[in-house]
Colleague: 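Mind looking over this structure? Questions follow.
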Amino acid sequence: MIEVKEPRRPIPIVGSISGMVNVARHLFRKPVTVQYPEEKPILPQRFRARIFLRLDDCVGCTLCEQVCPNNSITMQLVDRENPRNKRKIYPDVNFGTCTVCRNCEEICPTDAIYLTHVFETSRTRNSFTYSPQELALQENEVKK
Amino acid sequence: MSEFVELNFGPQHPSTHGVLRLKAKLDGEIIRELEPVIGYLHRDAEKLCELTFYADNLILFDRMDYVGSMLMESGYLEAAEKILSIDPPERAQWIRVVMNELSRIAAHLVWAGAFGLDLGMLTPFFYCFAERDKILDIFTEICGTRQETNYMSIGGVYQDITPEIMDHILEFTETFPKRLEEIYKLFVKNDVFISRNKGIGVLDRETAIDYGVTGPMLRASGVNYDVRKAKPYLVYDKVNFEVPVSYKGDNLARFLVRFEELRQSVKIVREAVKKIPDGPHFNPKAKKPMMIRLRGDGEYYARTESAKGEFGVYIVGDGGVKPYRVRVRSPTFKNLSVLPVLAKDQMIADMVAISGTLDLVFGEIDR
Amino acid sequence: MSLYSRLVGLFSPLGNLPSEALSYIAESLIMIIIATLGLAFMIYLFRKFMARLQLRIGPNRVGKFGLLQVVADGLKLAGKESIFPKGRDDLPYRVAPLIGMVGLILAFAVLPYGSLFWVGTVTIFDASGTSVSVILLFAIIAIMPIGEVLAGISSRNKYALLGSLRSIAKDVSFEVPMMISVLAVVMMASARTAYPLSINSIVTTEILPYGILEPLGIFVFMVSMVARASYTPFDMGESDSELITGYSTEYSGMRFAMFYMGLFGSILLGSFMVSLFYLGGFNGPLDSSLGVVWLVIKALILVLISFTIWLSMPRIRIDKFVNLGWKYLLPLSMINLILSGILTLGMGW
């Protein structure tokens with residue numbers, strides 16, 4: 001335990017002027033702003049945003065659907081030949097409610113569903129939900 | 001008797017951090033009666049916790065004290081891991097301590113900036129947020145998101161800490177104290193700031209204890225109580241730090257205690273990063289495909305020291321995969337309840353300053 | 001040769017009286033346009049300066065370096081709906097923003113600006129018209145608080161009412177020390193000029209800037225000017241964290257923009273007044289034909305100092321400010337008056 005000591009009472013005008021000088025010194029410091037569309041920030045390795053899906057790896061175990069905290073993931077029937085996915089169900093993701101909590105990636109037993117660096121996923125209101133096939137595509141190939 | 005002017009502060013008002021509404025009865029500039037009205041950010045998190053798995057509840061706790069989300073996560077896991085009887089390995093505990101303290105720094109920086117704004121200082125806010133951004137960058141590196149981290153998992157942490165991240169944290173602890181002193185001087189060298197805070201909103205020891213005030217507010221009133229020291233959790237008993245205490249109880253004391261806590265947190269981070277042992281970063285009993293099948297039984301109340309005060313989580317399990325009942329003891333709610341006492345017969349300007357020192361975060365009060 | 005006489009020469013074919021009248025109007029218009037442009041530049045400068053102090057970049061999207069940002073903001077505000085609150089007192093509510101603005105622009109017309117190369121002396125009322133421009137200037141400045149008061153009591157809002165109450169308390173407590181500190185300047189000038197109430201003659205006849213002779217006077221006047229423009233630390237009337245925006249809470253659209261410009265105009269006006277009364281105004285080390293340049297440089301430095309004060313200080317409490325006004329500034333200005341009396345009579349300055 002330490003007792004915090006109160007600072008000495010500043011001299012009325014001088015203290016304020018020292019504060020002004022302190023603030024004015026920042027005039028010569030580099031701004032911290034990153035001007036987004038022109039300069040892109042360097043994203044760390046683990047930055048996570050958009051969900052991708054490897055259709056071949058998905059076994060249709062529905063764990064991701066169960067773990068999703070706000071029910072963004074629902075399983076869809078997709079007519080597709082995959083020996084590992086006999087029930088032919090794959091997850092789709094509603095990005096309108098997805099909070100990128102990464103629980104689906106953590107729980108996936110085959111690493112089929114995973115999150116990526118892609119974060120420019122703006123789209124219109126009616127197309128928030130990505131179908132399983134769209135989850136496997138790159139962002140620019142998905143219909144907006 | 002003379003009639004008072006009734007004035008509503010908020011919920012949309014620049015000084016009510018978030019959605020606090022204050023019903024004030026004014027006698028000229030002086031507040032005769034004050035009644036906080038809360039509930040504008042109520043999301044029913046405690047009930048939602050009963051509907052989801054133990055592992056999923058973390059993201060609900062992230063959104064309680066959203067400026068210090070790591071502290072909330074570790075507070076929940078203290079209780080949940082006891083219910084599920086899964087102990088985190090040593091390495092995970094050290095990582096959690098580092099992240100807790102970084103999160104505490106971030107939370108206190110947000111408070112310092114907003115407190116400056118309450119008093120009319122526009123500039124410190126940006127300096128505080130520029131520093132906080134570096135912490136959020138570290139969080140992004142380690143877990144991928146800035147604020148709602150969802151980093152700690154049942155039985156450890158989701159991702160391991162790497163040497164590069166440890167270097168970045170150490171680099172931050174090198175540069176941060178200098179900036180912190182700069183911000184500190186910006187405040188305390190200013191005599192207007194001192195005159196606005198010294199002797200204003202004095203909270204004496206008895207009142208503080210009666211109202212259940214905890215955290216920096218309690219310590220500023222002269223009670224040496226910190227959960228990290230009183231009932232050490234994680235590995236807080238293995239790191240060296242001091243608990244700052246002041247006996248003045250006024251706004252300035254609360255300000256100084258929080259700034260001293262910032263310095264102590266930097267000290268803890270610096271020490272804990274170097275002490276992180278080798279080993280697994282999560283308990284193999286809680287391996288990832290199992291995370292929705294963990295069953296808990298019994299009840300447990302865990303106390304942790306969040307940035308605002310004693311954060312308590314009470315969980316009752318009935319043997320299922322979802323908790324039977326989750327109850328949160330929110331420190332900010334208790335701290336807010338003392339505002340009518342502090343603000344009585346104070347001027348409007350002082351009331352704003354006092355509510356600034358309470359460090360209100362509404363995600364936590366309303367839950 | 002002054003701008004006025006040039007204009008008279010330009011309009012001379014119209015006859016004697018019409019040309020004088022027209023040149024007065026033309027010069028006033030020029031002054032108003034320059035003052036408005038100055039205001040717009042002030043807002044740009046403030047935003048850019050504030051951004052750089054706060055480690056940001058500031059406006060940089062509209063025009064080169066964001067120079068047209070103020071124009072864009074002005075257009076946006078002009079296009080917005082002016083919301084009229086229910087239960088307002090209609091006429092005062094509509095008139096209040098105009099009063100402040102008119103007072104401000106008129107005050108700019110009274111100031112002497114010195115001379116500029118071939119244009120000559122840029123002065124409207126001072127050199128050729130009245131010889132009591134100090135009184136005229138302070139009379140015009142005294143109009144501006146009326147707008148704040150009317151806005152506060154007419155908009156039927158408790159925040160606005162509290163804001164205007166605070167404004168009145170603030171105005172009452174700083175106006176007296178301000179006038180007394182100007183009185184000291186007039187008193188010192190009266191030893192040297194026959195027209196000590198004309199700002200032009202005060203500035204032209206000074207030997208040393210009065211700020212050096214009266215350090216107390218410049219301090220009191222500077223504090224008063226900060227309070228006049230009402231920015232932090234003395235923005236109790238419109239304190240954004242307590243009373244939202246004080247007396248202008250209910251205003252929107254162009255009417256709000258007028259209050260906003262009034263704030264920046266007051267800073268510019270205050271800087272001009274401090275530099276004229278205390279820092280030698282348009283007197284400079286070089287040729288006197290650079291007068292306007294010297295004045296603008298001095299005013300700009302004062303403006304930047306004002307901005308730094310604004311950004312680095314917390315807000316003072318209203319009762320403490322009233323204390324400051326009556327218990328510190330008033331005695332200080334009295335001491336300053338006595339000291340300058342001793343300087344004038346005893347030392348013969």
Side-chain angles (χ1 to χ4, degrees), chain A residues 1-50 95-96 99-100 116-125 127-128 139-140 142 144, chain C residues 45-62 64-66 69 211 215-224 226-227 231-235 267 300-317 320-321 323-325 327-329 331-332 336:
Chain A
M1 180 191 121
I2 47 166
E3 195 188 338
V4 289
K5 56 177 189 297
E6 228 166 75
R8 273 186 299 121
R9 197 176 173 88
I11 315 155
I13 309 297
V14 181
S16 307
I17 291 173
S18 82
M20 280 166 63
V21 173
N22 192 344
V23 170
R25 266 210 308 264
H26 288 76
L27 199 58
F28 309 105
R29 212 169 270 177
K30 211 166 145 272
V32 292
T33 314
V34 178
Q35 302 212 47
Y36 163 58
E38 285 97 39
E39 40 180 308
K40 308 249 161 136
I42 304 157
L43 295 172
Q45 192 66 39
R46 291 174 181 174
F47 182 83
R48 63 202 194 203
R50 193 191 162 223
F95 280 95
T99 58
V100 286
T116 51
H117 275 197
V118 181
F119 63 94
E120 288 159 325
T121 55
S122 63
R123 49 212 300 106
T124 49
R125 195 179 305 173
S127 51
F128 277 147
E139 185 56 33
N140 50 9
V142 180
K144 290 267 193 284
Chain C
L45 182 72
F46 173 68
R47 293 190 57 181
K48 212 66 179 167
F49 186 70
M50 175 165 80
R52 292 300 285 113
L53 283 188
Q54 294 171 348
L55 307 176
R56 296 183 287 126
I57 293 173
N60 66 345
R61 297 281 148 169
V62 191
K64 193 79 180 160
F65 305 119
Q69 182 69 45
L216 282 177
I218 191 173
F219 171 69
V220 173
F221 196 76
M222 189 72 198
V223 170
S224 307
V226 175
Y231 50 89
T232 336
F234 303 135
D235 64 341
I267 297 174
L300 263 185
I301 291 169
L302 281 171
V303 162
L304 290 182
I305 290 173
S306 311
F307 287 163
T308 319
I309 293 174
W310 184 351
L311 294 170
S312 71
M313 295 275 276
R315 184 178 305 116
I316 199 165
R317 217 168 64 192
K320 294 225 166 112
F321 179 73
N323 265 349
L324 175 80
K327 288 187 185 161
Y328 296 94
L329 291 187
L332 276 180
N336 176 45

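Because the structure is predicted, anything quoted here is derived from the model rather than measured. For the numbers below, each heavy atom of this structure counts, side chains included, while hydrogens, waters and symmetry mates do not. Throughout, a chain's letter reflects where its sequence line sits, starting with A, and its residues are numbered from 1.
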Colleague: So, taking the atom named CD in A:Q35 and the one named CD1 in C:I57, what distance separates them when rounded to the nearest 0.5 Å?
Modeller: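 Answer rounded to 0.5 Å: 3.5 Å.
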Colleague: What's the spacing between A:I17 CD1 and C:M313 CE if we round to 0.5 Å?
Modeller: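 Between A:I17 CD1 and C:M313 CE, I get 9.0 Å after rounding to 0.5 Å.
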Colleague: Locate the shortest heavy-atom distance separating A:V23 from C:L53; write the atom from each residue and the value.
Modeller: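 That closest heavy-atom pairing would be O-CD2, 3.3 Å.
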Colleague: Quick check: do A:M20 and C:L311 have side-chain heavy atoms less than 4.5 Å from each other?
Modeller: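 Side chain of A:M20 against side chain of C:L311, heavy atoms only: no contact under 4.5 Å found.
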Colleague: Going by the rule side-chain hydrogen bond (donor to acceptor under 3.5 Å, both in side chains), which residues pair with A:R125 if we only count those two or more places apart in sequence or in a different chain?
Modeller: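 None.
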Colleague: Is it the side chain or the backbone of C:F307 that comes within 4.5 Å of chain A heavy atoms, both, or neither?
Modeller: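 Answer is neither: C:F307 stays 4.5 Å or more from chain A.
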Colleague: Show every salt bridge (Lys or Arg N to Asp or Glu O under 4.0 Å) that has at least one partner inside residues 46-60 of chain C, sequence neighbours left out.
Modeller: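 For residues 46-60 of chain C, and leaving out neighbouring residues, the salt bridge (Lys or Arg N to Asp or Glu O under 4.0 Å) pairs sorted by first residue read C:R47-C:D73.
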Colleague: To the nearest 0.5 Å, what is the distance between CG on A:N22 and OG1 on C:T308?
Modeller: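 Between atom CG of A:N22 and atom OG1 of C:T308 there are 12.0 Å.
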Colleague: Has C:F65 got more than 12 heavy atoms of other residues, nucleotides or ligands less than 6.0 Å from its CZ?
Modeller: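 Counting neighbours around CZ of C:F65, 12 or fewer heavy atoms of other residues, nucleotides or ligands fall under 6.0 Å, so no.
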Colleague: In terms of heavy-atom proximity below 4.5 Å to chain A, should C:L304 be classed as side chain, backbone, both, or neither?
Modeller: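 Neither; nothing under 4.5 Å.
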Colleague: Tell me, side chain or backbone of A:I13 under 4.5 Å from chain C's heavy atoms, or both, or neither?
Modeller: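 It is the side chain, since no backbone atom gets that close.
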Colleague: Considering non-hydrogen atoms only, spot the tightest contact between C:S312 and A:G19 and give its length.
Modeller: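 For C:S312 versus A:G19, the nearest heavy atoms are CB-O, 4.1 Å.
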